[in-house]
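Okay, so here's the structure we're looking at.
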Amino acid sequence: MGIIIPGRLGILILFLLFNGVILYTMWQARQGKKFKLRRTLEALEFIPEAIGRAVEMNKPIHYTPGGSGLSGARGTHMQMGFVIFAHVARLCARLGAGLIMSVWQGAQIPLAEELYRGAYAAEGIPDITPDVRFYSEDDPPYAAGCMGAIIEEGAVVNMPIGGAGSDMIFIAEGAAQLGCMQIGGSANVWMMPFVVAACDHYIIGEELFAAGAILSEDQLQISGIVGIDYNKIIIIAIILLGLLMNFIGNTMMLDFLNM
Amino acid sequence: MSISTRNIDARWIYLAVMISIILPILFPIGLPISISEGARDVYNAVEAVPEGGYVIFFPSFNYGGKGEMFSMAQAFIKHCLSQNLKLVIISFAEPMMSLIGEEAFLSVGIENYGAVYGEDIVHLGLLAGGEVTEAGFAADVHALVQVDYYGTPISELPIMDNLRSANDIDLVIILTNGGDSPAQELRQFKTGFGVAVTGGAVGGVYGSIVPYIDSGQLSGYLPSLRGTAEYELLLGKPGTAILGMDAQSLMHIVVLIFIILGNLGVGTTISKTGQQYHREVTE
Amino acid sequence: MSFFKQQVPFYILVFTAIVMIVAFFIDIPGLGGVATELSRIGVPVTAFALLLGGISLFRRHVVVVSKQERNWEFSVVLLLSFAWYFGVNVIPGMEVIARESFSRVVGKLNEGMFAIVVPFMASMAYRAFKIKDANSAFFTISAVIVLIGNAPIGDSLSPLLPMARDWLLNIPNTGAMRAVNIGIAFGIFAYGLRVMLGYERLALGEIMEKLKGGSQ
């Protein structure tokens with residue numbers, strides 16, 4: 001029978017604890033409990049206004065889920081970017097705004113086109129040809145392609161929301177120089193400052209996951225966010241307890257985490 | 001004509017920044033560079049590796065980060081080779097990182113340090129797959145790597161004989177301009193096997209890496225060109241990073257001036273006749 | 001067909017996740033080898049994803065050239081570049097030419113593109129660092145301290161600047177970054193859990209059902 005690898009028991013206990021909390025809230029959601037997120041995201045409330053602006057000016061919106069693949073940690077940010085894109089696409093279809101979607105990876109084209117068509121079909125426009133553009137899997141040419149699309153098509157709204165990489169610097173700042181209204185979003189810690197600096201409204205950090213949950217209106221996703229909040233309370237309790245124990249010279253918490 | 005410093009055309013900013021970078025490179029000022037604790041920690045991390053110890057070197061930056069990071073890569077390679085360490089260059093992310101890794105060690109001239117390719121240094125090229133492949137590499141190197149970057153079987157490379165897993169590694173050096181590094185290297189090498197991790201990052205990424213330095217997970221980390229300049233001074237091998245310091249100073253001053261102008265909001269109106277001017281202070 | 005398109009990928013996903021997680025924590029003889037083999041599979045899978053991108057690009061630009069759509073001349077340049085780089089990487093004996101042409105052309109173009117970052121950041125700083133209230137004042141002053149403290153001129157102006165920079169980076173920045181990292185890590189955690197349990201529709205391509213008002 002296997003044994004726990006040294007140095008990982010503490011992590012395993014916390015892993016099981018945090019999993020358990022999220023599984024519990026998801027189980028509650030499946031049992032029919034309705035969760036509600038008390039805090040709203042300001043940036044999401046500006047999306048209809050931004051789309052309305054584009055409709056008034058008869059110019060399209062540019063959306064990019066950022067320069068990242070669909071796997072890995074940033075892949076989850078991309079997934080949230082696509083969830084938000086589905087919502088934006090539906091609003092664009094409903095209000096009659098043009099929509100350009102730029103993707104960073106060739107493998108994302110079918111997904112983007114499926115979401116695009118599905119969103120328009122849900123609003124009664126079944127025969128739309130998705131304007132999904134793929135330039136390159138490298139940040140500089142991808143950013144150049146996005147900036148080129150914004151300039152050539154005269155986009156007045158830019159939404160770089162998802163797994164942004166260094167392409168975000170070019171796209172967001174370039175669009176800002178052109179006077180585009182920008183709603184940006186990134187859970188990439190080193191891109192968040194650029195999103196905040198360049199965009200008019202932004203979704204940063206875990207707000208991206210909350211945004212995905214809010215827009216999907218899926219109780220399982222929302223229950224996951226609630227589970228995360230409960231886990232954060234546990235983390236805060238561990239930190240405070242650890243601080244107190246450290247203050248009185250007790251190393252039990254540290255020893256537990258290093259077990 | 002009305003000029004307001006709150007709405008300066010960005011092209012003036014671009015021009016000023018360009019001039020502030022070009023001038024000090026053509027006419028160096030020679031401002032003194034102090035050495036920070038962070039640079040000393042990185043230096044000491046490499047010094048702490050015993051002679052003949054294994055150092056895994058990830059040049060995880062693309063051509064975009066080359067301007068900031070290439071001199072850092074060269075400095076690390078020089079330091080490792082001068083300490084007679086076994087240097088293994090590898091990339092898990094994209095092909096151009098392999099090209100840059102090769103450029104870095106070729107530009108250093110390993111023969112100047114008495115190093116022999118295949119015995120003291122090896123370039124394993126790209127192993128695509130990201131963190132998943134890194135985990136596999138840390139667990140069993142020979143299961144994942146069959147040939148080096150040039151197609152030579154690793155059985156013919158003496159440096160690979162004693163490198164079987166992360167247990168044989170003494171130090172991981174990760175140079176990054178974004179992505180999930182060094183977090184994934186910390187997860188796979190530091191947390192998994194207790195291997196010391198150090199390296200450097202571009203300026204924009206460094207701020208998000210400070211928590212790992214502060215917690216002791218990273219054995220120091222170099223911030224961009226400034227960190228490289230300090231490291232070059234510690235090594236006693238001045239390179240291109242030191243050359244860029246004057247330009248960095250002047251450029252930062254220029255940016256500061258524009259920030260101040262943007263906050264002053266002073267408007268100057270010159271009448272059409274150009275004979276008098278009226279200064280208005282806007283809020 | 002639904003079984004192969006949805007169920008089989010799901011079972012592969014769950015099996016791989018469980019093996020990798022268990023292998024990380026528990027030392028079971030043989031399991032480490034399985035985990036290593038699974039991670040080796042990631043190599044060709046990633047390579048195929050890159051191939052897919054190349055094929056998509058090629059197809060798109062062939063259509064642009066054949067229909068002479070807008071900017072079709074640039075598509076010709078792209079296709080010729082595509083042919084060149086494909087050729088030099090496939091034909092034996094052209095390795096040096098392949099590496100040199102890539103690093104001297106594509107590499108330099110990328111470096112040039114990233115050179116734009118510096119003036120872009122300067123204009124971003126000019127636009128973003130405006131003092132309107134207490135928050136923006138703290139934001140701007142911190143930025144100025146780090147800006148000047150990072151450059152050697154900061155050391156020359158005052159020894160307090162590097163100290164203030166270090167304090168800002170090590171104390172408020174570290175605290176904030178740790179909190180943000182924890183939140184993001186939990187977000188990824190919860191997402192991964194939903195995927196493994198089969199609740200994450202996007203990962204398994206069921207978003208269309210949601211858009212069509214399908215069952216949850």
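Computed from a prediction, not measured in an experiment: that's the story for all the values here. Each chain gets a letter, A, B and so on, in the order the sequences are listed, and its residues count up from 1.
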| Contact origin within C:Asn170 toward chain B - heavy atom pairs under 4.5 Å | both
| note | Most heavy-atom pairs under 4.5 Å with chain B, out of C:Glu111, C:Lys108, C:Met121, belong to C:Glu111
| field | Closest heavy-atom pair and its distance - B:Gly64, C:Phe114 | value | CA-CD1, 2.9 Å
| Atom OH of B:Tyr150: over 12 foreign heavy atoms under 6.0 Å | yes
| message | Please report the interatomic distance CZ(C:Phe24) to CD(B:Gln188), rounded to the nearest 0.5 Å. | response | 7.0 Å
| said: Heavy-atom cut-off 4.5 Å, strictly under: side chain, backbone, both or neither for B:Met18 against chain C? | reply: neither
| message | If I measure from the heavy atoms of chain C, does B:Ala143 come under 4.5 Å with its side chain, its backbone, both, or neither? | response | both
| message | Check this for me: does any side-chain nitrogen of one of B:Glu102 and C:Arg99 sit under 4.0 Å from a carboxylate oxygen of the other? | response | yes
| said: Please classify the contact between B:Ser215 and chain C as side chain, backbone, both or neither, with a heavy-atom cut-off of under 4.5 Å. | reply: both
| request: Kindly give the heavy-atom pair with the smallest separation between C:Ala151 and B:His252, and that separation in Å. | output: CB-ND1, 3.7 Å
| request: Go through the atoms of C:Ser103 and report whether side chain, backbone, both or neither lie under 4.5 Å from a heavy atom of chain B. | output: both
| message | If you apply the rule side chain to side chain contact (heavy atoms under 4.5 Å, CB included), what do you find for C:Phe102 with B:Leu99, and how did you get there? | response | CA-CA 9 Å; C:Phe102 188 86; B:Leu99 283 169; 3.0 Å; yes
| message | For B:Phe258 and C:Tyr126, take the angle between the two ring planes, folded into 0 to 90°, and tell me which bin it lands in: parallel under 30, tilted 30 to 60, perpendicular over 60. | response | perpendicular
| Taking all non-hydrogen atoms of both residues, which atom of C:Ala122 and which atom of B:Val17 are closest, and how far apart? | CB-CG2, 3.6 Å
| remark: Of the listed B:Leu15, B:Ile21, B:Leu31, the one with the largest count of heavy-atom pairs under 4.5 Å with chain C is B:Leu31
| task | Name the member of C:Val144, C:Asn150, C:Thr140 that forms the most heavy-atom pairs with chain B at distances under 4.5 Å. | result | C:Asn150
| task | Please list, in residue-number order, every residue in residues 201-214 of chain B that has a heavy atom less than 4.5 Å from any heavy atom of chain C; write 'none' if there are none. | result | B:Tyr206, B:Gly207, B:Ser208, B:Val210, B:Pro211, B:Tyr212, B:Asp214
| When rounded to the nearest 0.5 angstrom, what distance separates CZ in C:Arg127 from CD1 in B:Ile8? | 13.0 Å
| task | Examine whether an atom of C:Asn181 lies under 4.5 Å from a heavy atom of chain B, and if so say whether it belongs to the side chain, the backbone or both; otherwise answer neither. | result | side chain
| request: Identify which of B:Ala10, B:Ser34, B:Gly227 forms the greatest number of heavy-atom pairs closer than 4.5 Å to chain C. | output: B:Ser34
| message | Shorter than 4.5 Å, heavy atoms on both sides: which option in C:Asn110, C:Asn173, C:Leu147 has the most such pairs with chain B? | response | C:Leu147
| remark: Applying a strict 4.5 Å limit to non-hydrogen atoms, the region of B:Glu103 in contact with chain C is side chain
| request: Considering only heavy atoms and a distance below 4.5 Å, find which of C:Ala115, C:Ser123, C:Ala143 pairs most often with chain B. | output: C:Ser123
| message | I'd like to know if the side chain of B:Asn263 reaches the main chain of C:Phe129, judged simply by a donor and an acceptor atom lying under 3.5 Å from each other, with no hydrogens or angles considered. | response | yes
| query | Which atom names give the shortest non-hydrogen contact between C:Ile153 and B:Ser249, and what distance separates them? | reply | N-OG, 3.1 Å
| request: State, to 0.1 Å, how close C:Lys130 and B:Gly262 come at their nearest heavy-atom pair, and which atoms those are. | output: CE-O, 3.2 Å
